[in-house]
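Here's the structure we're looking at; comments come further down.
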Amino acid sequence: MIEVIRITYYIMNEFLQIRLLQVLPIGWNFGWSLLLIPLLPFAGFLLLGLFGRKYIKNSAGIIATALLLVSTVLSIYIAYVYFFEYGKVMGMYQKFVPIQFTWLEFSQGVSIDFGVLIDPISVMMLAIVTFISLMVHIYSLAYMKGDERFPTYYAFLGLFTFSMLGLVMASNIFQMYIFWELVGVSSFLLIGYYYNKPSAVAACKKAFIVTRFADLGFLLGILILSFHAGTLDFNTLVQRLTVDGSEELHSAYTSTFLGASALTWAAILIFIGGAGKSAMFPLHVWLPDAMEGPTPVSALIHAATMVVAGVYLVARMFPIFSMSEGAMHFVTYVGIFSALFAALIACTQTDIKRVLAYSTMSQIGFMMFALGVSGSNLKNGSLNYSGLGAGYTAAMFHLFTHAIFKALLFLGAGSVIHFIHSNELKDMGGLRKYLPITNITFLIACLAISGVPPFAGFFSKEEILLAAYQHKALIYWIALITSGLTAFYMFRLYFLIFWNKGTIVHGEHHGEGGFAMMLPLVLLAVGAAFAGFIPFGNFVTADGKPMEVVFHWQFSIAPVSIALAGIFTAMWLYRKQNNKPVAIANSLNVFYKAGYNKFYIDELYLFITKKILFNLVGRPAAWFDKNVVDGMVNLTGNTTQLISEKIKEFQSGKVQQYAIYFLAGVIGLAVVFIYIWK
Amino acid sequence: MNLILLILLPLLTAVLILLMRNSQQVKLTALIGSVAQLALAFALLLAFRNERVAGNEAQMLFELQYNWFPAWNISFHLGVDGISVAMILLTSFVVIAGVLVSWNVTKMTKEFFFLLILLSLGAYGFFISLDLFILFFFLEIAVIPKYLLIGIWGSGKKEYAANKLALMLMGGSALVLVGLLGVYFGSHQKSFDLITLANTHIPVEVQKICFPLLFVGFGVFSALFPFHTWVPDGHSSAPTAGSMFLAGISMKLGGYGCLRVATYIMPDGAKEYANIIIVLSTIAILYGAFATMMQKDLKYINAYSSVSHCGFVLLGIGMLTKTAMTGAVMQMVSHGLMTALFFAVIGMIYERTHTRQVNEMGGLLKVMPFITTILFIVGFCSLGLPGLSGFVAEMTVFMGSWQHPDPFHRIATIAACMSIVVTAVYILRAIGQTAMGPLKEGYVNLSDAKWNEKIAAIILIGGIIAIGVAPFWLNDLIGPATQIIMNKLAAVQPK
Amino acid sequence: MSGSTIIFYMLAALTLVSGILAVTTRQIFRAAIFLLFSLIGIAGLYFWMQYDFVAAVQIVVYVGGITVLIIFSIFLTQQAGELLPKQKIGRLLYSALAAFCGFALTMVQLCQHTFKTTTEQPILPTVSNIGDRMLSVEENGFALPFEVVSILLLAAMIGCIVIALRSKPTTA
Amino acid sequence: MQPGLYHILFISAALFFIGVFGFFTRRNLITILMSVELVLNSVNLNFIAFNKYVWPHKMDGLFFSIFVIAIAAAEAAVAIAIIINLYRSHQSIDVENAEEMKF
Amino acid sequence: MKNEKLLSIIQFLLLGNFIVGFFFNQTGTLFGGLFTTNALMAFEKSILSLGVYLISLLFSDWLKKSEHMPEFFILMLAALLGMFFMISSGSLLMFFLSLELSTIPVAAMANFDLEKKISSEASMKMILSSAFSSGILLFGISLIYGVTGTINFAEIPTLLDGSPLQILAFVFLFTAFAFKLSIVPFHLWTADVYEGAPMAVTSFLSVISKGSIAFILLTTLYKVFAPMQEIWYNMVMLLSIITMIVGNLFALRQQNIKRFLAFSSIAQVGFILVGLSSNSIQGTSSVVYFVLIYVFSNLAAFGVAGAIAQQTGKERIDDFRGLYQHNPFISWILALALFSLAGIPPTAGFFGKLFLITAGASKGNYLFIIVAALNLIISLYYYLRVIRAVFMDKNEHPIEKIILNPSAKLGMIICGAGIVLVGLLSCIYDYITALTV
């Protein structure tokens, strides 16, 4: 018995030992409850994943939603506590690491620690992720009802939420990478949810592989940083690499490769990781295809949460990025190009979800270049965000508002799809009669994304444009055009769905899907309408100090008018059924076609993978293995056999011949040892 | 904790199996024996931790030494450190899973289980021996059972594969033998004792000759490029449990030997040839991965991916840093569990669909959710998903590899890192084609896993997750042991 | 040139020439007879070296025994008068070459070697000396080899009898 | 020139290789046996010669040759028995008719 | 049956012979140095006695049916006696005589399958070849005698100086050993004789004869030709490599199990030479140890092959396909034997080969050792061929159940036990080492 207790003790000691590094007594006694936020969805995942299929098939949705509700309440409570009670010390929002334990120690100082990092952006993200996720959970109760793998669906949602929350809370860059990968896999599972559909299978594979490729960059970036900084902890990392004259910074600056410093390389590589998840050009190809997943999933993953992981990553590493001008430029240009590029494609697409996907990509491009243009002043060595840090706040703000209205757009689209059982715009039209609530909420979202005041998007986009304007005129102009395009394609979508031709609805339609589907729409619509009035600069800034966001009404004239222009163009073209769009498309033949075919990026990828990777690398490798390496082995065997066959004549069966060989052997040995080998 | 038990237990099981009358008894005996092995391995782990916690800092614990052939200075010297304990745990996991998945073997059941247990005997003996002679003895013991397992119970080109495997492995062990003899005489100790040799400075010229012999010799077991060609054929032809043992245990013998024997006792040689090792293992990693992409047979897929994954083991060893070496050992454990599970799943699928060609399958998730879920898990482990063991091991190797600032090591590391993308490609391709997509006709009535398969899978997954979620215990186990090897390496003057 | 020398050369010629003929003639009886002459020549050489006892044994065993045995076996196995089959020319050449090389090598080495000579008192090979030694068990005695040879002869005899006296084959 | 050791050694070596040549080339088993007898005799000659000219104070060579003669007799007897047996089964004593086993 | 009773008595006496061997192991000389003995020689003789006893057990079926069983034993025991004398011989004369005593009766025995053509062919080949080799040997001895003036083993080493004629003489002498031991290129008779002779004789030839020659070769090289160590080391090394390679290459392609074992035994001899080349105590003890193991292993293989041939007349490896189906016991014995011959642990052959190689490696000639080690692989290939036939290959008409008589079964069990235990029980090797010192 004592043995058993001892063994149990050791097992506990070995397997469950969590070594706490620090639990900061920061005034709230809520520290441990932070862990509950990600762990509750994870518990849901385990519960539903292991037992869902057999035992709790029907109540799966309720259980998962309830768990997430607790999480959401907790995160909002924590956001409240952080921003309004304990977060601000001496006028600055602090970074806290209330919980941390060493998970895997590579070498002295370099270890993967699991911890919780509390700072403005993580708290903001916690709230937004849990909130959107909760909305999606609720929405799915109706949307996915009757699906064969209902519990599995919720299990995957739980896993995803868990991973995303873990990513957000990460206190260690490797921890972030770990959850980053988990996010990737949950998105794989969710995209491939309809696993019987070959297109879904292809899409989930593509999503995973493309982001994996990007993650390679992230990983290498981590390796470089860890080598130079000797740590993986975010706080220590920032501390070591941003202090002028520190040994680590010196080594990161001085070791160069292809003309760029290690720091720049690390930042760029990490950004590539982020670009993969955030679908920046040219790693965006997975995003449109990922729309094969259930629509609520698209709302969750491809609108509000996962795709902004890249933005979050760059924001998290912002102090380090800001140490490298090259990296900041890289971020800026990739961001702005992706924004424009995606907007152009979005104008031509006919699949409702794809349009939304490209719009997501475009909006994330906005966030990215906003981060990029908020580079710090490095001239005198010390950090100085003043004036230029505006982009950071703007990006975070836009992330926040975008999450809300993009989720709303997707859920609205889901509602439409639920009703019409098709993704194609050509099957839709005139749905405002059938889907009144959806119509209104969708319109609000479209206005928000187009940047029409006073909806949420207006404020955040305004700040981004302002930051761009202060940085470089070129960026500003492109951004402006893109925002016009945004308004155009969003309203193209809106009019094509809800106006345009009248759709004949066959038989008895089942309305808007009931309370469970409408509640999230309404809640999100309220958010999309009013979230812009939050004084974001008071909470989230690059350096933690609240920043006064000055509102210049003169400056807004251009963006608002270009947005309105876009809206009216869309209205003119699409409000009623006519042949103007076709005519325009025909007149822009080549461009239209290129845009419609997503500028042939997919084909390029296909060429690279199928033709080059498979045919020029994989096939030769397999061939080489089969014929050369294996051939060598077989050749050895065959040669032995062959020699064996060739020398059989010695054993001729003639006894006299044997004697001749005998004598020859004697003479040979004698000659060798008398004359040659003395 | 008497280490002899680890040898006696499988021996006893094997003898009992031979005495049993019918196949049911044989299976039960094998199962009980393997459960006992698992219990023993855990007991060893706990006892080991107990000693360490109690402050026993000796390099090897539970040492035993009996004189055996005193004329040659051979002694039956046993002892374990963290690495051995980890490998023993791995072995016991794979053995029990192997026994369980072989529950349906009807052809010559007695012989089958006898050979399986014999194979485990060889592995245990190998991992606990501190005398190179008995190490070699156990290394070779494990070869012939593999040959017979493949040859008798295998499928496809089984004779060819069995022959190739046996001959290549014997070739490897022949090189090992010559290397060992070189050390034996070259060290002027006339001793096979690992500790004695490690405490001796073997002349550098001897190391330069013997290190490659030993490393390549063991490397053959561990699929060192270009001596990996037995792997695909052998694995694909072997019966399920055979593949599991082969990839899960046998390939680890090589990695363990490279680390414990070659690198540990000959640090000069290791430094001399480190670059070559790195080049070869990087080639193996990438090349294995690319070759896997082109495979259509599930077993070939896993076999080539084993080449790729075992490359990490050798890369970790070749990098000669503590972290990388720890990663190499972790990768051995991780890959052992993972690949055993992978082969188990393949076996289960094959038993039902009677094909291993991925393009002949599709949508199996619908009819056998349990099995395909395992396939997903093992696939994710293979492509290094966090939370599963593969990630931990690979990341440790990468971290350790990146410690060298010079471009050569950097490029090797980057190339190795690239394999995680390629791995994702082939794993997803395989999973996508088998588990997902429309269900093919004729597969509608297939059944899901049975109890034995479920238990086997759960045991292995338990191991994978235990490492993936809580790698620190494995790290704590291995770390001090690799530190000793590193100390020995560090004591050597740099070139 | 003394008479002894002449006798020596004659004996040598007899031995070698009939030896050569014995291995080359194509008539088997003649071969046996030439062998006989060659053996007699050797016995003569023994006489010439004053090893009378050995010479006598040579004549008794070889001339009286083995040659007769051979001739009998020829009778048993050979149709009289038939020529022996010809050997292939290639074989002849190679054999001659091999034999000659061996011979040359041996002779070169023998001639280059200077044999030591002893000054000790020689022991004469008289019959009594031989007899004493043959049955002595002391040093330089040969009783044990004598016994071994006797066992060998016994075994050989039994072997011969078993082989040669086989019962009629039961099957064709 | 007085014939001495080397002369006899020449004779014996020549005889030895004559015997060897015969052994290589004769096809009839009995003639092969005869060649063997030549070989053995040449060796005997060697022994006697060495005993006489080099080591006359010992009788090892002499005894050796006597025993060789005895052995030769035994060997010949057995060989002839075997040959006769072979003749019964093969109806021939040509050595080339007894080459069934090879390679 | 009269034979049966007689056979039991003979078996009993042979067992007695084996046991008694352990009680007479004093050191000493007799007959003025012609006969020497010591504990190691006594042990070597015991190994041979054991082999003969095992042969009498394993081939009891064949022996019972043989008309000439008593004569067979007389000849075999005469040959054994010759070997005893040979091992103990203290002079070249004794050596030569006992060598003939151990050869001529065996040549007669080879013809004991009187009705079979190949048996007489084998016998003829053996007697002619051995006569030829006797001629070569005698010529060598005569030269040694001429050069040193003595035929006494104790005196020869003091008189050797490595002059060319001595080398020539040594080559002549050594090739005779090589002939008996089937060292390439003097091995050509081996396979033909093994194939044609009755199985019992083949096993006697391949195990007992070989063993005895290996023993006397140890004495000859280590003691008598000690001054010419440099030369014979190179010669042994050269021949060892050629022997292993050629033996293996030929064994690869054999179909007849006896021929197969013949070539495999040639390859084994190559390994013996590896150990022998070390010229050390370890060399002696490992060779003796290996021969002991070889007795068990090879006799087990021959015993199984003999049992099969006796009942079915099948000697081809192809005929063994699917043997395991009806005959698990003899299949396992055969497998054990072949594994032991291939040097796979835990069989004794592993230890035997390893010690030979280790002894050989003490000279520091790694190339030689690598060649030896690589030859292990080739040899494994062909041993596995038989294993494959027995265990894996399918056969429509596999060999039916072989009924073993009790003594054959006993013999196989002894062999099997020997194969397993001689290696694992290190005391046996220690005992041999103790005798060697």
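Every chain is numbered from 1 and lettered A, B, ... according to where its sequence line falls, protein lines coming before strand lines.
- Scanning all heavy atoms of the two residues, the minimum distance from D:Q91 to D:R88 falls at NE2-O, 2.9 Å.
- The OG1 atom of A:T152 lies 10.0 Å from the CZ atom of A:F45; values are rounded to the nearest 0.5 Å.
- For the atom pair CD1 of A:I173 and CH2 of A:W180, the computed distance is 10.0 Å after rounding to the nearest 0.5 Å.
- Without hydrogens or angle criteria, A:S644 side chain to A:T640 main chain gives no donor-acceptor distance under 3.5 Å.
- Atom CG of D:L86 and atom CG of D:D94 lie 10.0 Å apart (nearest 0.5 Å).
- Proximity to chain A at a heavy-atom threshold of 4.5 Å picks out D:R26, D:R27, D:I32 from residues 26-62 of chain D, in numerical order.
- Inspection of non-hydrogen atoms places no residue of residues 186-214 of chain A under 4.5 Å from chain D.
- Within a 6.0 Å radius of OH in D:Y6, more than 12 heavy atoms belonging to other residues, nucleotides or ligands are found.
- Between D:S92 and D:N97 the shortest heavy-atom distance is OG-ND2, 2.7 Å.
- Below 30°, between 30° and 60°, or above 60°: for A:Y177 and A:F174 the angle between ring planes is above 60°, a perpendicular geometry.
- Between D:I80 atom CD1 and D:N85 atom CG the span is 13.5 Å, to the nearest 0.5 Å.
- Two residues are said to be in side-chain contact when any heavy atoms from C-beta on lie closer than 4.5 Å; A:F227 and A:V110 fail this criterion.
- Separation of atoms CZ (D:F21) and CG (A:L663) is listed at 12.5 Å; rounding is to 0.5 Å.
- Summarising the geometry of A:I224 relative to A:A262, their closest heavy-atom pair is CG2-O, 3.7 Å, with the distance given to 0.1 Å.
- Remark: A:R149 pairs with no residue by the salt bridge (Lys or Arg N to Asp or Glu O under 4.0 Å) rule, at least two apart or across chains.
- The interface of residues 646-656 of chain A with chain D, defined by heavy-atom distances below 4.5 Å, comprises A:K648, A:E649, A:Q651, A:S652, A:G653, A:K654, A:V655, A:Q656.
- Using a 4.5 Å cut-off between heavy atoms, D:F17 contacts chain A through its side chain alone, with no backbone atom that close.
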